[in-house]
Amino acid sequence: MFQTEQQTIEARIKAFCTANGIPLSVLEWKPIPFSGEWGMSTSFFAVAAAEARLGKKIDVAQRAQEIAEQVQSQVSGVPGLSHAEAVKGYLNLFFDTQEYTRRVVETVLDQKDRFGSGPATGQRVMIEFSHPNTHKAFHVGHLRGTILGDAICRILEFAGYDVVRANYPGDMGLHVIKWLWGYLKFHNGEEPSADITKWMGEIYAEASKRLEEDPDLETEVRSVYARWDKREPQIVALWERTREWSLEGFRQMYAALDVRFDVYYFNSQEEKSGKEIVEELVRRGIATDERSQGGAVIVKIDEVLGLAKEQFHTAVVLRSDGTALYATEDLALALHKFSDYPDLAKSLYLVDVRQSLHFTQIFKILEIAGHEQARKSGHISYELVTLPGNVVMSSREGTVVLLEDLLREATTRARAEAHKKNPSLTEAQLESVAKAVGLGALKYPMLARENTKMVTFDWKTALDFNGQASPYIQYAHVRCNSILRKAGVDITNLPPSAFDHSLEPAEVELIDWLSRFPSEVQRAAAEYKPLAIANIAYNTAKAFAGFYDACPVVQASPEIRAARLRMVAAVKQTLANSLALLGITAPEVM
RNA sequence: GCCCCUGUAGCUCAACGGACAGAGCACCUGCCUUCUAAGCAGUAGGUUGUGGGUUCGAAUCCCGCCAGGGGCGCCA
């Protein structure tokens with residue numbers, strides 16, 4: 001926001017250093033740690049260290065301070081800056097408070113829901129995420145990938161990318177065969193209940209349990225697989241019908257979560273071309289067909305690459321009985337995506353960390369085979385959601401917290417809380433607040449965490465609406481709205497404010513967080529890291545809470561009131577924008 | 001045996017190689033005739049697992065070690 005001033009200053013500093021033989025290379029600017037007012041700062045440690053390396057006998061810290069002091073005199077009188085100071089080797093340039101505040105607030109109010117967005121990059125990126133398995137339950141473990149993927153898409157779009165949201169349900173595999181067997185044997189003819197996914201999941205869990213109790217039943221399951229492999233019409237029809245049940249359940253779930261997809265791929269549809277790729281790999285000597293010796297079709301990647309140390313290990317790309325497995329289908333899908341979208345700059349897969357090796361193998365095999373698309377493909381991994389005691393959620397073992405249950409619990413809880421806190425809410429308002437707050441409370445903990453860190457799910461934390469959580473941020477947004485409503489003025493009719501009252505520290509800190517939002521969006525996009533947004537959203541809300549407490553708005557004197565109203569409107573907008581990037585609704589009341 | 005991730009306050013987690021390592025929860029003390037207390041202010045809590053190295057400067061980068069988790073030819 002002070003690019004022009006920054007350039008002026010850089011030019012002056014560089015000129016000074018050149019004239020005085022100081023070997024300055026690059027200047028890096030960073031925000032000054034908050035100290036009641038703010039600005040940007042740079043340091044001279046690197047220059048001083050460079051001098052020391054040239055043979056001068058100097059104390060680096062001392063010399064840095066010396067340079068900072070000399071440079072300080074060069075930067076006075078730049079419009080927009082109030083003063084400069086040299087301290088501990090840093091040169092701190094303080095912005096003219098009024099001017100800076102005005103620029104930040106007016107920028108936000110001018111750009112509205114685009115504040116923080118980046119210019120169009122012209123690049124198209126595909127993110128594949130969620131990939132639920134049909135015929136299975138959808139539990140909290142799946143929620144992280146879904147929520148994370150959705151947020152990453154929102155962030156990338158906002159940052160200027162053209163995003164393709166892809167889903168890849170696992171609609172065929174051993175789990176489906178097992179389900180079909182269980183259905184035919186124990187539930188034949190039954191129709192799904194209202195909670196489709198839950199009902200499907202129960203049948204799957206039952207089938208797993210029966211198989212465990214009586215392993216002899218495996219032969220029956222295998223025969224179902226054989227019937228599928230022969231495409232026996234009866235089995236295919238049953239599969240199609242039950243698969244559709246699951247997909248309908250998923251559609252309902254995604255609607256409830258406010259997550260959407262642009263394109264669906266299904267592993268059942270990649271089977272054929274996957275097998276063709278494998279055949280080609282065998283023909284070209286990349287894959288080894290060990291089926292004649294009772295083995296599978298494999299790619300000894302390390303050997304093919306001539307690596308002495310094992311790194312990529314060996315990948316199985318086709319079962320010994322010739323049926324496809326996920327690796328077979330993933331080889332095909334990776335290419336399929338590029339034939340659908342030839343201009344993809346990147347094709348990313350958001351899949352949990354246990355699949356890391358799998359994806360490095362897939363991409364490496366395609367690369368060996370000469371498919372350049374592989375270089376544009378990548379895996380974004382994230383850690384699992386576990387239950388207390390490090391218990392991994394498993395549909396098979398029934399150690400799951402179902403999404404349906406969690407959603408219901410969270411909204412019920414949020415509704416009760418909202419009614420208690422604000423009895424004046426109408427039924428319709430209660431309904432939407434419950435949805436916004438309940439859903440936000442679920443999403444935020446999944447996003448406010450490093451992707452590589454495990455999330456331990458427990459009900460107490462999940463339903464705790466206080467502190468660093470989504471409701472706190474939503475509440476800040478509501479309070480902004482409340483002030484604007486109470487003031488009874490249309491903010492768009494207020495002229496830009498001069499902000500020439502002496503700003504309170506709380507106001508300065510608040511403005512500071514607003515100004516950082518655009519760069520955090522870029523960082524979050526570059527690192528696929530919604531955490532950056534979750535953090536700044538919280539920090540902005542926290543700064544606002546401090547402001548709310550320290551700075552009256554509605555009852556302030558006319559000039560201050562007008563200025564603060566615009567500030568509050570800017571905060572409200574920024575909070576709404578950041579929550580939107582997390583896929584969380586910003587309510588007007590709660 | 002090979003590879004990946006994690007280790008920061010009692011607990012859960014933050015911290016683009018920079019200034020004094022910060023929040024929340026829990027605990028304790030205050031604050032609702034004032035814009036919604038889902039809030040605010042304050043107290044307390046640290047050898048950033050450990051030993052080296054690089055650097056003017058390391059929680060952050062490199063190497064070793066310890067601890068926990070995960071992945072390594074026909075599950076997805």
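In what follows, every heavy atom counts, from backbone to side chain, and hydrogens, waters and symmetry copies are set aside. We name chains A, B, ... by the order of the sequence lines, and we start the count at 1 in each one. Predicted model, so just to flag it, every value in this text is computed and none were measured.
Heavy atoms of A:Lys542 sit under 4.0 angstrom from primed sugar atoms or phosphate atoms, though from no base atom. Across all strands shown, A:Asp330 has no heavy atoms under 4.0 Å from either base or sugar-phosphate atoms. Contact annotation for A:Gly322: no contact, since no heavy-atom pair falls under 4.0 Å across all strands. Across all strands shown, A:Val317 has no heavy atoms under 4.0 Å from either base or sugar-phosphate atoms. A:Ala487 comes within contact range of no nucleotide atom at all, as no heavy-atom separation falls under 4.0 Å. Residue A:Leu318 is classed as having no contact, given no heavy-atom separation below 4.0 Å to the nucleic acid.
Residue A:His313 places its side chain closer to B:C2 than to any other of B:A38, B:C2, B:A15. Side-chain proximity of A:Asn133 to B:A15, B:A37, B:A76: nearest is B:A76. Here the nucleotide nearest the side chain of A:Ala545, chosen from B:G73, B:G39, B:A38, is B:G39. Minimum atom distance to the side chain of A:Val554 is reached by B:C35, of the listed B:A76, B:A15, B:C35. In the set B:G24, B:G69, B:C74, the nucleotide with an atom closest to the side chain of A:Ser320 is B:C74. Distances were taken from every side-chain heavy atom of A:Leu357 (C-beta onward) to each of B:G39, B:G71, B:A19; the shortest belongs to B:G71. Considering only the side chain of A:Gln468, B:A23 comes nearest among B:A76, B:A23, B:A38. Side-chain atoms of A:Val316 lie closest to B:C74 of the nucleotides B:A37, B:C74, B:C20. The side chain of A:Glu417 lies closest to B:A38, out of B:G24, B:C40, B:A38.
Of the C1' atoms belonging to B:G46 and B:U8, the separation is 8 Å, rounded to the nearest Å. Taking the P atoms as reference points, B:U48 lies 12 Å from B:A58, given to the whole Å. Here the separation of B:C13 from B:G71, taken at their C1' atoms, is 26 Å to the nearest Å. Distance noted for atom C1' between B:C11 and B:G45: 12 Å (whole Å). Between B:A76 and B:C72, the distance separating the two P atoms is 12 Å to the nearest Å. On the C1' atoms, B:C32 is 23 Å away from B:C27, given to the nearest whole Å. Between B:C16 and B:C3, the distance separating the two C1' atoms is 28 Å to the nearest Å. With both ends at atom C1', the span from B:C62 to B:A26 equals 39 Å, rounded to whole Å.
Classified by its glycosidic torsion, B:C65 falls in the anti category, the angle being over 90° from 0. Anti is the classification of B:G10, since its glycosidic angle lies more than 90° from 0.
Here A:Lys178 does not reach the OP1 or OP2 of B:A76: none of its side-chain N or O atoms lies under 4.0 Å away. A close approach under 4.0 Å does occur between a side-chain nitrogen or oxygen of A:Thr452 and OP1 or OP2 of B:U6. Close to B:C2, at under 4.0 Å from its OP1 or OP2, lies no side-chain N or O of A:Lys309. The phosphate of B:G70 has neither OP1 nor OP2 within less than 4.0 Å of any side-chain N or O from A:Arg354. Neither OP1 nor OP2 of B:C13 sits under 4.0 Å from any side-chain N or O of A:Tyr538. Between A:Tyr472 and the phosphate of B:C40, there is a side-chain N or O to OP1/OP2 separation shorter than 4.0 Å. Phosphate proximity of B:G73 to A:Arg319: absent, as no side-chain N or O sits under 4.0 Å from OP1 or OP2. Contact annotation: A:Lys88 does not reach the phosphate of B:G57 (side-chain N/O to OP1 or OP2, under 4.0 Å). Side-chain N/O atoms of A:Tyr326 include none lying less than 4.0 angstrom from OP1 or OP2 on B:A76. Contact between the side-chain N/O atoms of A:Lys460 and the OP1/OP2 oxygens of B:U12 is not found at any separation under 4.0 Å.
Checked for salt-bridge contact, A:Lys572 and A:Glu588 meet the test: a charged N lies under 4.0 Å from a carboxylate O. A:Asp458 and A:Lys460 are not joined by a salt bridge, as no carboxylate oxygen comes within less than 4.0 angstrom of a charged side-chain nitrogen.
One interatomic measurement links the two molecules: CD1 of A:Ile362 to P of B:G73, which rounds to 14 Å at whole-angstrom precision. The distance from atom CD of A:Glu28 to atom P of B:G17 is 10 Å, rounded to the nearest whole Å. When the C1' atom of B:A14 is taken as reference, atom CG of A:Asn451 falls 14 Å away, rounded to whole Å. Between the CG atom of A:Asn535 and the P atom of B:A14 there is a distance of 8 Å, given to the nearest Å. Between the P atom of B:A23 and the CD1 atom of A:Ile473 lies a distance of 16 Å, rounded to the nearest Å. The CD1-C1' distance, from A:Ile298 to B:C74, rounds to 10 Å in whole Å. Summarising the geometry, the separation between NZ on A:Lys453 and C1' on B:G69 is reported as 14 Å, rounded to the nearest angstrom. Going from atom CZ of A:Arg449 over to atom C1' of B:A23 covers 13 Å, rounded to whole Å.
Mapping A:Gln555 and A:Asn466 onto RNA chain B via the closest heavy atom, the residue that lands nearer the 5' end is A:Gln555. Comparing A:Ile483 and A:Ala448 by the nucleotide of RNA chain B that holds the closest heavy atom to each, the one mapping nearer the 5' end is A:Ala448.
A:Phe363 and A:Tyr349 have their aromatic ring centers within a separation under 6.0 angstrom.
Checking side-chain atoms of A:Asp352 against main-chain N and O of A:Leu384 turns up no donor-acceptor pair under 3.5 Å.
Residues satisfying the side chain to side chain donor-acceptor pair (under 3.5 Å) criterion with A:Glu51, sequence neighbours excluded, are A:Arg63. With sequence neighbours left out, the salt bridge (charged side-chain N to carboxylate O under 4.0 Å, His left out) criterion links A:Glu417 to A:Lys420, A:Lys421.
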Taking Watson-Crick (N1-N3 plus N6-O4 or O6-N4) and G-U wobble (N1-O2, O6-N3), each under 3.5 Å, can you produce the dot-bracket string of RNA chain B? Use [ ] for crossing pairs and | for inter-strand ones. (((((((..((((....[...))))..((((.......))))......(((((..]....))))))))))))....

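Applying side-chain contact (heavy atoms from CB on, under 4.5 Å) to A:Phe547 and the options A:Glu509, A:Glu507, A:Glu504 leaves one that passes, A:Glu507.
Using a 3.5 Å distance cut-off with no hydrogens or angles, the side chains of A:Asn451 and A:Lys529 do not pair a donor with an acceptor. A donor-acceptor pair shorter than 3.5 Å can be found between the side chains of A:Glu85 and A:Asn92. A:His131 and A:Asn167 are not linked by any side-chain donor-acceptor pair at a separation below 3.5 angstrom, with hydrogens and angles left out of the test. No side-chain N or O of A:Thr134 forms a donor-acceptor pair with one of A:Ser246 less than 3.5 Å apart.
Both the sub-6.0 Å distance and the 45° axial angle are satisfied by A:Arg243 relative to the ring of A:Phe266.
Contact of A:Ser356 with B:C4 (side chain to base): no donor-acceptor pair of N or O atoms is detected under 3.5 Å. With hydrogens and angles ignored, no donor-acceptor pair closer than 3.5 Å exists between the side chain of A:Ser43 and the base of B:A19.
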